S.K.: 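Please find one structure pasted underneath; my questions will follow.
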Amino acid sequence: MEQEGNYGFLMIQAEEISEIIHRERCLILDLRSEESFLEGHIGHSRNVPFELMGEWIDALPQRVSLILYCEHGNQSLLAARKLRGRRGTIYTLSGGYQAYLNMKKD
């Protein structure tokens, strides 16, 4: 896990997801399209497309950690920046869903 530093969020590797879920109360948010989500996703994740962030951002519970992921990690970084300052830790999956799939292959 990379340090939060000035970013306001933490970058994590796919291998760290289960540890975080067992340690903290958190939501896993899939920022990809509904079609991509239906083709496959990380277990227990909610589909909240990045393009619709303005519609769902205020509905997020406070004091709950968030694990954000997209296809390759770019949109989750943008979303994490917009979510800075909220209560609860914000994690973004380095490499996105593709990194998760690659971990599952190994």
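Treat the numbers as computed from the prediction; the structure is a model and nothing was measured.
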S.K.: If you look at every heavy atom in Ala99 and Ala14, which pair is closest and at what distance?
M.R.: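 What the structure gives for the nearest pair is O-CB, 4.0 Å.
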S.K.: Are Ile57 and Phe37 connected into the same hydrophobic cluster when the rule is that any two of I, L, V, M, F, W, Y join if their side-chain heavy atoms are below 4.5 Å apart?
M.R.: no
S.K.: Would Ile42 and Leu93 count as a side-chain contact (heavy atoms from CB on, under 4.5 Å) if you check the C-alpha gap in whole Å, the side-chain angles of each, and the deciding distance to 0.1 Å?
M.R.: CA-CA 11 Å; Ile42 296 173; Leu93 179 57; 4.0 Å; yes
S.K.: Looking at every heavy atom in both Leu31 and Ala79, which two are closest together, and how far apart are they?
M.R.: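 Smallest heavy-atom distance, with atoms named: CD1-CB, 3.7 Å.
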S.K.: For residues Met11 and Leu77, determine if any side-chain heavy atom of one lies less than 4.5 Å from a side-chain heavy atom of the other.
M.R.: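 Yes, at least one pair of side-chain atoms sits under 4.5 Å.
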S.K.: Going from OH on Tyr91 to CD1 on Ile28, what distance comes out if it is rounded to the nearest 0.5 angstrom?
M.R.: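 One gets 12.0 Å once the value is rounded to the nearest 0.5 Å.
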S.K.: Output the distance between atom CG (Leu27) and atom CD1 (Ile21), rounded to the nearest 0.5 Å.
M.R.: 10.5 Å
S.K.: Quick check: are there more than 12 heavy atoms from other residues, nucleotides or ligands sitting under 6.0 Å from CD of Glu34?
M.R.: no
S.K.: What pair of heavy atoms forms the shortest contact from Gln13 to Ser94, and how long is it?
M.R.: NE2-CB, 3.7 Å
S.K.: At what distance, to the nearest 0.5 angstrom, does CG of Leu10 lie from OG1 of Thr92?
M.R.: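 So the gap between those two atoms works out to 10.0 Å.
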S.K.: Before you tell me yes or no, could you show the steps for Glu51 and Gln75 under side-chain contact (heavy atoms from CB on, under 4.5 Å), namely the whole-Å CA-CA distance, both residues' side-chain angles and the distance that decides it to 0.1 Å?
M.R.: CA-CA 9 Å; Glu51 293 80 21; Gln75 289 182 329; 3.4 Å; yes
S.K.: So which atom in Gly73 and which in Cys70 form the shortest heavy-atom distance, rounded to 0.1 Å?
M.R.: N-SG, 3.1 Å
S.K.: Output the distance between atom CD1 (Ile17) and atom CD (Glu15), rounded to the nearest 0.5 Å.
M.R.: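 Going from CD1 on Ile17 over to CD on Glu15, the span is 8.5 Å.
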S.K.: Report yes or no: do Tyr100 and Ile20 belong to one cluster of Ile/Leu/Val/Met/Phe/Trp/Tyr joined by side chain heavy-atom distances under 4.5 Å?
M.R.: yes
S.K.: Report the distance from atom CD1 of Ile67 to atom CD of Glu16, rounding to the nearest 0.5 Å.
M.R.: 9.5 Å
S.K.: Using the test side-chain hydrogen bond (donor to acceptor under 3.5 Å, both in side chains), find all partners of Ser36 that sit at least two apart in sequence or belong to another chain.
M.R.: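 If we apply the side-chain hydrogen bond (donor to acceptor under 3.5 Å, both in side chains) test to Ser36, skipping adjacent residues, the hits are Ser33.
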S.K.: Within the 4.5 Å heavy-atom criterion, are Asn47 and Ser45 side-chain neighbours or not?
M.R.: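 A side-chain contact is absent here, since even the closest heavy-atom pair is not under 4.5 Å.
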S.K.: So how far is it from Leu83 CG to Leu78 CG, rounded to the nearest 0.5 Å?
M.R.: 11.0 Å
S.K.: Knowing that exactly one of Glu24, Arg87, Arg23, Arg25 qualifies, which makes a side chain to side chain donor-acceptor pair (under 3.5 Å) with Ser65?
M.R.: Glu24
S.K.: Among Leu68, Ile90, Asp30, whose side-chain contact (heavy atoms from CB on, under 4.5 Å) with Ser76 holds?
M.R.: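 It is Leu68, the one option of Leu68, Ile90, Asp30 that forms the side-chain contact (heavy atoms from CB on, under 4.5 Å) with Ser76.
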S.K.: Kindly give the heavy-atom pair with the smallest separation between Arg63 and Arg86, and that separation in Å.
M.R.: N-NH2, 4.4 Å
S.K.: Report yes or no: do Glu39 and Tyr97 form a side-chain donor-acceptor pair below 3.5 Å?
M.R.: no
S.K.: Please answer whether the main-chain N or O of Arg81 pairs with a side-chain N or O of Arg84 as donor and acceptor at a distance below 3.5 Å.
M.R.: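 A pair under 3.5 Å: yes.
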S.K.: Can you run down the ring-ring contact (aromatic ring centres under 6.0 Å, His included) pairs that involve residues 12-32, sequence neighbours left out, and say none if there aren't any?
M.R.: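 Counting only pairs at least two positions apart or across chains, no ring-ring contact (aromatic ring centres under 6.0 Å, His included) contact touches residues 12-32.
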